[in-house]
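Comments concern the structure below.
Whatever order the structure lists them in is the order used to number ligands and atoms, beginning at 1. Just so we're clear, the structure is a prediction, and the values are computed from it rather than from any experiment. Nothing fancy with the numbering, it's 1 onward along the sequence.
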Amino acid sequence: MEIKIERVVKKYGVMEVLNIDQMTFESGKAYGIIGPNGAGKTTLFKCMTNIISDYEGQITIGDIPVTEDNSVLSHVGIVLDGISVYKDRTGWFNIEYFSGLRGNFNPERAEQLARELEISEYLHGKVQTYSYGMVKKLILLIALLHEPKILILDEPFRGLDAETVTWFKFYLKQMTSKGMTLIISSHVRNDIESLCQEVFVIKKGQIVKHIDLGAVTDKMIRDIETTNQEALILILEDLNYYYQLRENGIIRLNIKDERWSDVKSRLNSQEIDITELKKVHILDGNLN
Ligand SMILES: Nc1ncnc2c1ncn2[C@@H]1O[C@H](COP(=O)(O)OP(=O)(O)OP(=O)(O)O)[C@@H](O)[C@H]1O
């Protein structure tokens with residue numbers, strides 16, 4: 001299912017916190033939303049799910065404007081930090097209550113997810129006795145229960161233990177391969193790189209960059225300074241490696257560790273000195 005955002009502007013009083021001209025999220029793809037604190041990521045997610053509806057412009061899910069017919073939201077799962085559950089009730093109460101609101105409670109699937117998330121034994125206890133991670137797992141379970149066609153996750157891995165993160169990433173990859181649309185925000189670049197094909201960078205409520213990670217094969221970028229730039233370029237062209245000439249004679253390379261060793265040994269044999277100034281993840285490299 002596709003989500004489209006068109007000329008959406010959200011203000012708090014006179015302060016404009018979101019101004020997005022155009023954004024499309026297609027079925028079966030995973031999208032990362034990154035940006036500094038206060039950039040507008042959570043506000044965007046709240047607009048997409050009608051938690052916020054007083055904005056200009058239009059957001060459609062499967063061609064239906066969410067503000068006009070919010071029944072389309074039955075296809076959407078969302079995990080937001082601020083989303084609350086009933087803390088003086090049990091985990092099971094919350095699962096039954098929230099899935100009852102959607103009218104499709106499947107107890108077998110709830111039990112299976114609880115086992116996978118390793119929270120089965122806690123679900124009969126009141127939520128107020130849960131740790132932060134356990135509450136997060138409960139919210140996740142509720143979001144995943146109805147097998148949403150679109151899943152929106154705001155910082156989903158924060159507070160989860162390493163095993164749950166591994167299980168969850170595997171689960172998300174499986175679901176997107178079956179056609180689910182995934183939209184995820186995270187301050188951990190590696191999480192975004194390992195899951196998403198496309199990334200939107202948001203600053204002060206606006207998209208400042210749209211990166212197609214699928215178009216990039218290697219995950220690391222290196223900035224290199226050399227005593228003999230001409231010779232290095234000849235080697236890179238000979239080996240067919242993509243490079244960029246940056247300011248001050250720096251060469252930016254997009255190359256895997258093992259290939260980089262090949263290049264270095266050729267440089268050594270020609271007695272060309274190089275200094276590796278910076279080695280960064282693709283996303284960091286693209287944000288400069
Ligand atoms: N209820 C509100 N009233 C007034 N301003 C708000 C409200 N909620 C959010 N804002 C403002 O909107 C802007 C965007 O906030 P938002 O929570 O969407 O950012 P974010 O990108 O999710 O940040 P973070 O990475 O810290 O979670 C911020 O300037 C914030 O102060």
Using heavy atoms and a 4.0 Å limit, tell me yes or no: is Gly40 in contact with ligand 1? yes

Heteroatom proximity flag, Asn37 to ligand 1, N/O under 3.5 Å: yes

Name the closest protein heavy atom to atom 18 (O) of ligand 1, giving the residue it belongs to and the distance to 0.1 Å. Thr43 OG1, 2.5 Å

Verify whether the ring centers belonging to Phe98 and Phe93 lie closer than 6.0 Å. no

Any sub-3.5 Å donor-acceptor pair from Gln197's side-chain atoms to Asp212's backbone N or O? no

Side chains of Ile183 and Met48: closer than 4.5 Å at any heavy-atom pair? yes

Under 3.5 Å, N or O to N or O, is Gly35 touching ligand 1 that way? no

Is it true that atom NZ of Lys149 has more than 12 heavy atoms of other residues, nucleotides or ligands lying nearer than 6.0 Å? no

Which residue owns the protein heavy atom closest to atom 10 (N) of ligand 1, what's the atom, and how far is it? Tyr12 CE1, 3.5 Å

What residue and atom, counting heavy atoms only, is the protein's closest point to atom 27 (O) of ligand 1, and at what distance? Thr42 OG1, 3.9 Å

Check for me whether Lys137 meets the cation-pi criterion with Tyr132, that is, NZ or CZ under 6.0 Å from the six-membered ring centre and within 45 degrees of the ring axis. no

Name the closest protein heavy atom to atom 25 (O) of ligand 1, giving the residue it belongs to and the distance to 0.1 Å. Lys41 NZ, 2.7 Å

What atoms of ligand 1 come closer than 4.0 angstrom to any heavy atom of His187? 25 (O)

Can you tell me if Glu116 and Tyr171 form a side-chain donor-acceptor pair at under 3.5 Å? no

May I ask you to decide if the ring planes of Phe105 and Trp92 are parallel, tilted or perpendicular, using 30° and 60° as cut-offs? perpendicular

Work out whether the distance between some heavy atom of Glu155 and some atom of ligand 1 is less than 4.0 Å. no

Ligand 1 contact on Val17 by region, counting heavy-atom pairs under 4.0 Å: side chain

Evaluate side chain to side chain donor-acceptor pair (under 3.5 Å) for Asp273 paired with Thr227, printing each intermediate quantity in order. CA-CA 6 Å; Asp273 288 333; Thr227 48; 4.8 Å; no

Check whether any side-chain N or O of Tyr31 sits under 3.5 Å from a backbone N or O of Glu26 as a donor-acceptor pair, and report yes or no. yes

List ligand 1 atoms under 4.0 Å from Ala39, heavy atoms only on the residue side. 19 (O), 20 (P), 21 (O)

Determine if the distance from atom 31 (O) of ligand 1 to the closest protein heavy atom is below 4.0 Å. no

Under 3.5 Å between some N or O of ligand 1 and some N or O of Gly38? yes

